[in-house]
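Notes follow the structure.
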Amino acid sequence: MTGGYDDRGNRDVSIANPAGGSAAHPVPAGGRAQPAPGGPFLIGEAMTGGYGRGADILHACTIAVERGEIAVIVGPNGAGKSTAMKAMFGMLDLRAGTVRLDGEDITAISPQARVREGMGFVPQTQNIFASMTVEENLEMGAFVRRDDFRDTMAQVYDLFPVLKEKRRQPAGELSGGQRQQVAVGRALMTRPKVLLLDEPTAGVSPIVMDELFDRIVEVARTGLPVLMVEQNARQALEIADKAYVLVQGANAHTGTGRALLHDPQVRRSFLGG
Amino acid sequence: MRTLALFALVAALILGTGVLQSWNSALIILNMGLVSAIMALGVNLQWGLAGLFNVGVMGFVALGGLAVVLTSTAPVPQAWTAGGARIIAALILGAASITLGAVAWRTLHRGRRGLAVAVIAVLGFVAFRWVLDPAVEAVEAVNPAATGYLGGLGLPVLLAWPVGGLLAAGVAWVIGKTALGLRSDYLAIATLGIAEIVIAVLKNEDWLARGVKNVIGLPRPLPYEIDLQGSPVFAGRADALGLDVTTASTLYVKLGYSVLFSAVLIAVLVLAQLALTSPWGRMMRAIRDNEEAAEAMGKDVTARHLQVFILGSVLCGIAGAMMTTLDGQLTPSSYQPLRYTFLIWVMVILGGSGNNLGAVLGGFLVWFLWVQVEPIGQWVMQIATSGMAAESALRVHLLESVQHMRLLTMGIILLVVLRFAPRGLLPEK
Amino acid sequence: MDLLNALVALANFVLIPALAYGSQLALGALGVTLIYAVLRFSNFAHGDTMAIGTMVTILATWALQSLGVSLGPLPTALLAIPFGIAGAAVLLLLTDRVVYRFYRAQKAKPVILVIVSMGVMFIYNGMTRFIIGPDDQSFADGERFLISARDFKAWSGLDEGLALKSTQAITVVTAIIVVAIVFWFLTHTRTGKSMRAYSDNEDLALLSGISPETVVRVTWIIVAALAVVAGTLYGLDKSYKPFTYFQLLLPIFASAIVGGIGSPVGAIAGGFVIAFSEVLFTYAWKKVLGYLLPETLQPDGLVQLLSTDYKFAVSFVILIIVLLFRPTGLFRGKSV
Amino acid sequence: EDARIGVILGFTGPIESLTPGMAASAELALSEVNDSGAFLTGITLVPERADSTCIDAAAATAAAERLVTTDGVLAIMGADCSGVTGAVLSNVAVPNGVPMISPSATSPALSGAEDNGLFFRTAPSDARQGEVLAQILIERDIGSVAVTYTNNDYGKGFADSFEAAYAELGGEITLTSPHEDGKGDYSAEIGALASAGGDVLVVLGYSDQGGKGMIQAALDTGAFDTFAMGDGMYSDALLADLGGDIDGSFGSVPWAEGEGAEAFSALASKAGFTAESSYTRESYDAAALIALAMMKGAEASSAAVAANVLDVANAPGEPILPGELGKALKIIAEGGEIDYVGATDVELGDSGEAAGSYRYYEITDGAFSTVSFK
Amino acid sequence: MIRVENLHRHFGGFRAVDGATLSIEKGTVTGLIGPNGAGKSTLFNVVSGALPPTSGRIVMDGEDITGLPPHALFHKGLLRTFQIAHEFSSMTCRENLMMVPGHQSGETLWNAWFGRGRIAQEEAVLLKKADEVLDFLTISHLKDERAGNLSGGQKKLLELGRTMMVDARIVFLDEVGAGVNRTLLMTIADTILRLNRERGYTFCVIEHDMDFIGRICDPVIVMAQGKKLAEGTIDDIKANGAVIEAYLGAGLRTREASA
Ligand SMILES: Nc1ncnc2c1ncn2[C@@H]1O[C@H](COP(=O)(O)OP(=O)(O)OP(=O)(O)O)[C@@H](O)[C@H]1O
Ligand SMILES: Nc1ncnc2c1ncn2[C@@H]1O[C@H](COP(=O)(O)OP(=O)(O)OP(=O)(O)O)[C@@H](O)[C@H]1O
Ligand SMILES: CC(C)C[C@H](N)C(=O)O
Ligand SMILES: [Mg+2]
Ligand SMILES: [Mg+2]
């Protein structure tokens with residue numbers, strides 16, 4: 001028994017594909033980025049698409065983030081928040097709509113190429129390499145970097161001291177919250193030009209969450225745009241420059257973080273009153 | 001729809017064989033197809049339904065074969081007097097020391113039990129060999145070219161089918177108790193090993209079933225062709241049908257097997273289908289998807305695994321007994337993993353694992369191919385070389401190697417089918 | 001009491017052969033384990049990959065021999081290995097392109113890939129026999145022995161001989177070096193780590209900027225190298241016969257699994273477990289005890305635990321016992 | 001009109017390296033008959049090959065079934081390995097009344113098979129060869145041997161008869177250890193045999209399989225340096241591979257004295273393949289017997305073969321050697337009697353089995369040399 | 001109801017649970033909080049039988065349940081959810097729920113073959129119940145969707161839904177809230193309270209959302225480094241210096257002040 005932390009009770013790869021049986025088909029390699037000047041730093045515009053051959057999950061959904069901004073997506077479970085994030089990262093082949101990064105149309109390029117273009121992403125689930133050590137997880141975050149990344153790693157360890165303690169341990173043996181820290185740390189290692197976080201705070205303790213939010217704000221202030229999905233919405237909206245409410249795959253409300261936070265309808269329906 | 005179409009295709013292939021080659025060939029394919037389908041159902045039960053990676057199919061099939069010998073051949077009285085009682089005593093002794101060992105392992109305290117069990121094992125083994133060896137020697141010395149074994153019980157051969165199932169169940173129980181804790185490939189290699197052990201015993205314990213000297217001329221549930229050919233009544237009927245009597249007799253016997261086998265297959269299929277669509281099937285699928293969660297939801301995963309492992313093995317045992325009955329002989333060295341384990345797996349996966357009908361379809365189709373790739377390969381080669389100069393070295397070389405087209409063709413067809421149906425022909429919905 | 005003779009007899013009949021055989025299994029197991037670790041399926045075509053790669057090596061060896069090239073006391077085949085590797089690599093990459101890639105894109109379940117690899121096995125099998133035929137081929141040259149039993153007896157004056165074939169020595173040394181390299185490669189190089197990452201979580205690997213196609217390509221090339229080295233050394237030491245390579249598949253799988261799937265060090269350990277359990281438990285100790293015990297205690301029988309009929313059975317029993325105590329192999333292999 | 005003859009041999013599987021020569025020999029006989037122009041008027045013999053796989057009874061049965069019921073073969077030259085031969089015999093040949101002449105299924109158990117007069121073999125049962133080999137050892141004054149045999153019905157049956165005969169003659173067997181064919185490593189077997197000791201190692205296996213592996217391993221470790229070998233070991237390949245290392249070893253192989261075998265060798269080398277491999281002679285003879293029996297029965301039918309094989313194979317009559325099939329056909333056509341001698345000095349007993357004679361050979365200077373015939 | 005006595009669970013040399021002693025009283029909704037890696041989930045896993053303890057004892061209603069397998073505990077009325085959702089991914093949501101109740105007569109092969117009538121009746125009842133639960137969790141439109149295709153939060157909901165399929169005596173919830181929409185989470189909180197009051201379920205809840213804990217839990221147990229650090233009402237805990245330092249952090253005060 002490897003214990004209760006394995007994602008799969010039945011540890012048989014042959015049945016439960018470890019990739020979680022996801023039907024997502026990433027954009028294949030080989031596409032090219034097209035110049036598309038103007039607009040926000042990162043924008044997924046009028047994105048429409050779904051998983052495999054299934055029905056559309058996203059309906060002309062638009063999400064954008066400017067340099068130095070924090071944009072937050074909230075919405076009920078299953079609204080398509082994670083799907084939208086995946087679509088912007090090319091983990092999902094869009095049926096319509098475009099994704100543009102820093103004046104380039106990147107709709108057709110593969111996820112690994114987007115990493116090279118400077119995007120960093122923490123998915124909601126399956127966001128660590130369970131069989132590799134914490135340190136190797138972080139190194140993998142820096143995979144596309146050719147420079148010396150030791151100081152970035154030191155910063156991550158500063159942010160999450162517990163990871164330093166456990167750096168030789170396989171990440172799969174960590175507690176839920178610790179895994180989440182590894183996942184965020186991995187994305188920070190990329191030194192991205194834009195950071196996409198899907199519920200980075202799920203399962204982390206309040207004290208770590210505070211640090212995390214502080215750090216996100218700090219990072220954004222250095223000019224790095226951050227796009228994140230949060231269920232811990234009240235706290236997230238407080239720091240958000242821009243916020244989107246997604247409902248059933250479409251934009252329902254858009255505004256500044258504070259505006260939405262104080263919108264009574266949004267509060268009642270999505271923020272838990 | 002797809003199901004129907006594919007089964008129609010298989011039917012057409014077999015009928016086509018009948019028309020283009022001969023009805024005897026068609027029936028022989030059909031019969032082994034039926035047997036294969038039952039084996040595939042067994043594997044599908046274990047894998048498709050419970051996610052148990054059993055690659056010891058060959059062992060259970062062989063046990064079924066052994067059952068035929070043990071039930072249906074005539075006993076050898078001299079052998080029994082020579083050492084029968086002593087062999088039985090040795091077996092009981094062996095079983096007793098294993099039980100004792102297991103009990104000791106369970107009851108004794110941690111520190112000492114390793115040593116205790118080791119001592120029991122060694123002493124038990126020595127005693128076992130001491131009782132067994134002389135008896136074996138005596139038994140095997142009884143006319144080794146023709147007998148040299150204890151013989152069977154002389155019962156009707158149809159009885160051997162359920163006995164084959166029981167034998168398989170017994171061994172499956174032992175394996176299940178020890179090895180089912182292992183996961184995926186680790187379980188696979190353990191079952192593979194156990195199958196090899198079963199075959200090793202079958203090959204080397206001559207007193208049991210003549211080992212590699214084979215038991216031939218096993219009794220049959222159906223009349224012999226030559227007897228039919230000699231019977232005027234039968235000849236008359238054949239005449240009335242416009243068939244020559246030899247063909248009629250061979251067809252008659254094969255059809256007889258087809259009927260028997262179909263009856264078993266249909267019964268098994270109905271039961272399997274009922275089980276699959278019941279809450280039991282749902283529970284098994286849940287266990288397959290996530291054991292830990294199933295366990296937390298009150299399902300006794302270990303017990304269910306054992307149950308389904310035994311069930312699947314029983315099917316393989318029954319099918320093995322049927323096959324040996326059809327062959328009329330037990331040849332232990334013909335049990336090769338490629339043929340009796342992996343080919344069955346190909347059937348299950350190609351048919352579509354998790355789907356009983358898929359397994360059955362795979363059983364028929366793959367068996368059909370296994371038999372027919374030889375002519376197909378030759379035919380392809382003929383076409384390929386027909387354009388070449390008659391004396392060209394390449395052509396000669398190719399024609400000489402035509403027999404190797406058999407497996408090559410099998411491989412190509414396998415890849416092509418899986419290319420167009422990557423989840424099997426009839427995937428689990 | 002004659003300790004020296006006893007030791008030599010034991011070394012000659014048990015230790016050296018088992019070490020060599022264990023290393024041969026280990027080299028094969030390493031390839032299997034790597035494919036399992038990175039591409040997540042048990043590759044049934046590995047035995048035939050070894051056969052076909054070795055075939056290329058043999059053809060190249062013959063060509064070299066006919067050109068008069070030789071390595072002196074070492075087998076010429078060692079020089080031909082690079083050709084074999086190149087041939088096997090091209091073949092594997094082509095196979096991946098035509099066959100496996102499709103299923104990866106489909107995210108097919110591993111068991112499908114296992115069956116697909118059986119199809120590939122059949123095809124390789126046919127190809128090998130088409131080209132070189134099903135027969136035994138001999139291609140060994142150079143010095144067969146580092147020291148032969150006869151020479152050893154003459155040299156040492158002992159009753160027992162000790163034989164050490166050059167191929168045995170080469171195999172053991174190669175196996176250890178190769179395992180060390182693979183281990184180091186996987187744990188210390190960027191590419192190696194990306195291979196492990198890809199094997200662990202494909203989607204996340206994509207998100208880290210790892211190109212799956214590169215990983216896959218590198219894996220196949222390494223596998224080709226391993227298969228050819230293993231196959232050639234085996235062929236030099238024993239004999240080259242395509243059918244035997246297929247038969248080797250089972251003990252190779254057993255080694256990979258008992259060692260812990262995905263673990264290079266486990267492959268070596270597994271190879272030795274299988275090899276030693278085959279030889280040790282069926283060894284007749286009569287000779288060795290004969291040297292060790294005084295006249296009066298000489299054994300009558302063979303002092304053989306089990307007859308060699310059961311050598312495979314024994315090695316599997318040992319394997320099962322090991323797994324019962326270490327359910328994911330000696331070196332904690334992948335449990336998935 | 002074509003009369004088809006089945007050639008069922010294990011073209012794939014453990015004896016895949018023996019079978020091409022066997023098939024070629026059989027087909028050589030058939031074409032000799034056709035070329036002679038003296039066969040039944042208007043009828044050409046056409047060989048139909050099928051794969052017995054040597055081990056998969058079901059596949060062999062299916063292949064044979066196809067030959068018999070689809071291609072309509074009238075007689076079968078085959079099968080090769082005893083196991084599949086038994087299966088084909090009882091499942092296909094007997095029910096369909098098609099005669100089989102096996103060139104190589106040597107298991108003693110087949111003697112007792114229910115064959116309805118349809119089964120013949122040109123290779124002698126191993127029961128006999130065991131005795132021959134035992135005698136050879138005693139002649140050489142070898143009193144203690146270790147035995148290894150290939151673990152199948154052939155090897156086991158052979159070993160059984162050898163052991164009984166050798167013990168009878170006062171020899172001592174230190175250990176009998178089977179080996180599996182096609183496996184990777186034989187150290188365990190050699191270890192045990194070496195420990196048991198013995199003056200020579202008796203190897204009852206196949207020359208391109210475990211038998212060779214065993215010899216190789218024994219030489220490598222210095223466990224044995226002289227070997228006594230059964231028929232399966234006789235092949236040029238063995239010499240080519242082991243050459244001078246096994247000088248002084250010896251063995252027995254079904255063989256006919258002089259003429260017939262030589263005639264066949266000449267024929268074979270003219271046809272472009274070598275006769276010096278196991279069971280090529282027997283294959284030639286098996287196919288020739290089929291043709292001659294048809295001629296004798298004056299029709300191309302299964303019944304004709306079954307009824308006349310013994311007649312053409314045994315005395316009285318004009319002795320016929322390989323290459324003389326045309327002559328034989330003419331004699332039969334003229335109503336004469338023949339006694340087919342063939343490449344192996346064919347003499348079939350009542351049960352349709354060759355009594356066979358054996359060549360006792362020794363390896364000297366890297367070549368086979370005949371010591372005597374038995 | 002549950003007493004954990006000096007429980008240890010070590011992984012190699014690491015002491016994930018290091019002599020925890022605590023008890024969960026009947027009829028309470030007990031909160032279990034603590035920093036990441038405090039050993040909460042490990043404790044759950046040991047109590048629910050998924051992991052054997054290194055040493056120590058677990059007593060449920062006076063009966064020693066240490067080392068009992070999870071399925072046996074289930075039948076004693078002890079249910080749990082997993083922190084990382086453990087859905088049955090190839091089954092539909094409905095099936096995920098319908099498989100839960102124990103002792104279904106259709107779960108024996110005999111009945112599956114020969115007792116179809118009775119099964120049909122039972123299934124109808126189960127189906128209705130499952131649909132109610134799905135409705136409550138706002139995922140009834142997904143009842144025929146494979147559970148593997150749900151969104152992260154929806155999987156968590158399904159996980160919770162399973163505990164609602166049977167009458168439990170004690171339910172262990174491991175971070176059901178993480179990833180669940182806060183509005184829905186509050187509804188869930190109300191349901192937990194209702195189940196607790198009306199049906200007498202006992203709950204033990206791990207959660208990092210202090211609003212949620214504050215709303216339903218009394219008492220709250222704080223774990224740190226494998227041991228119990230503190231226990232008390234939510235207000236006691238929020239005021240406890242050690243807890244603030246180890247877990248809540250200073251931010252909480254400031255945040256509360258601003259809210
Ligand atoms: N299988 C394992 N092997 C080694 N260490 C482990 C294993 N499982 C858990 N641990 C360690 O035990 C400690 C406690 O983990 P646990 O999951 O119980 O924490 P937790 O309190 O639930 O944390 P969280 O709030 O983050 O979920 C962690 O430091 C973790 O690294
Ligand atoms: N792999 C998949 N295959 C098919 N459908 C999917 C898949 N993943 C998600 N879906 C469906 O897409 C819809 C949106 O899912 P998504 O994960 O984007 O939701 P979300 O907004 O992130 O929700 P949550 O807050 O619960 O994480 C859901 O209804 C879900 O059922
Ligand atoms: C072809 C031969 C090697 C067959 C062997 N004589 C047997 O009876 O099996
Ligand atoms: Mg989400
Ligand atoms: Mg936890």
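Chain A is the first sequence line, chain B the second, and so forth, proteins listed ahead of strands; every chain is numbered from 1. Here the structure is a predicted model, which is why all the values come from computation and not from measurement.
Residue B:W23: no heavy atom, backbone or side chain, is found under 4.5 Å from chain D. When heavy atoms are compared at a cutoff of 4.5 Å, D:A24 does not approach chain B at all. The contact between B:S334 and chain D is made by backbone and side chain atoms together, counting heavy-atom distances below 4.5 Å. Heavy-atom distances place the backbone of B:L20, and not its side chain, under 4.5 Å from chain D. Within the 4.5 angstrom heavy-atom criterion, only side-chain atoms of B:Y340, from C-beta onward, approach chain D. With a 4.5 angstrom heavy-atom cutoff, D:N151 touches chain B via backbone and side-chain atoms both.
To the nearest 0.5 Å, atom OG of residue D:S82 and atom CD1 of residue B:I216 are 9.5 Å apart. B:T250 OG1 to D:N96 CG: the interatomic distance, rounded to the nearest 0.5 Å, is 5.0 Å. One distance of note links CH2 of B:W370 with OG1 of D:T53; it measures 8.5 Å at 0.5 Å rounding. Rounded to the nearest 0.5 Å, atoms CG (D:N91) and CZ (B:R220) are 6.5 Å apart. Separation of atoms OG1 (D:T61) and CG (B:L326) is listed at 8.0 Å; rounding is to 0.5 Å. Taken to the nearest 0.5 Å, the OG1 atom of B:T17 stands 10.5 Å off from the CZ atom of D:R66.
B:Q329 places a side-chain N or O within donor-acceptor distance of the main-chain N or O of D:G83, the cut-off being under 3.5 Å. Panel note: side chain B:Q229, backbone D:P95; a donor-acceptor pair is recorded below 3.5 Å.
Ranking B:N24, B:T331, B:T246 against chain D, the residue ahead of the rest is B:N24, based on heavy-atom pairs under 4.5 Å. In terms of heavy-atom pairs under 4.5 angstrom with chain D, the leader among B:D327, B:I29, B:L407 is B:D327. Contact count against chain D (heavy-atom pairs under 4.5 Å) is highest for B:N204 among B:V253, B:N204, B:T247, B:V35. Counting heavy-atom pairs under 4.5 Å between each of D:S111, D:A109, D:A127 and chain B puts D:A109 at the top. For chain B, the option among D:A23, D:P108, D:G86, D:A87 with the highest count of heavy-atom pairs below 4.5 Å is D:A87. Highest contact tally toward chain B, considering only D:S90, D:S107, D:A62, is held by D:A62 [criterion: heavy-atom pairs under 4.5 Å]. Put simply, of D:D160, D:D126, D:N116, D:L89, the one with the most heavy-atom pairs under 4.5 Å next to chain B is D:N116.
Nearest heavy-atom pair across D:T70 and B:S25 is OG1-OG, 3.4 Å.
The side-chain heavy atoms of D:T69 and B:Q21, taken from C-beta on, include no pair separated by under 4.5 Å. When side chains are defined from C-beta on, B:K203 does not count as touching D:N152, because their heavy atoms never get closer than 4.5 Å. Proximity of D:V94 to B:I226: side-chain heavy atoms (C-beta onward) are separated by under 4.5 Å at one or more points.
D:E114 CD: 12 or fewer foreign heavy atoms inside a 6.0 Å radius. The neighbour count for B:Y252 OH, taken as heavy atoms of other residues, nucleotides or ligands under 6.0 Å away, does not exceed 12.
Between B:R210 and D:D153 there is no salt bridge, since no side-chain N of the basic residue sits under 4.0 Å from a carboxylate O of the acidic one.
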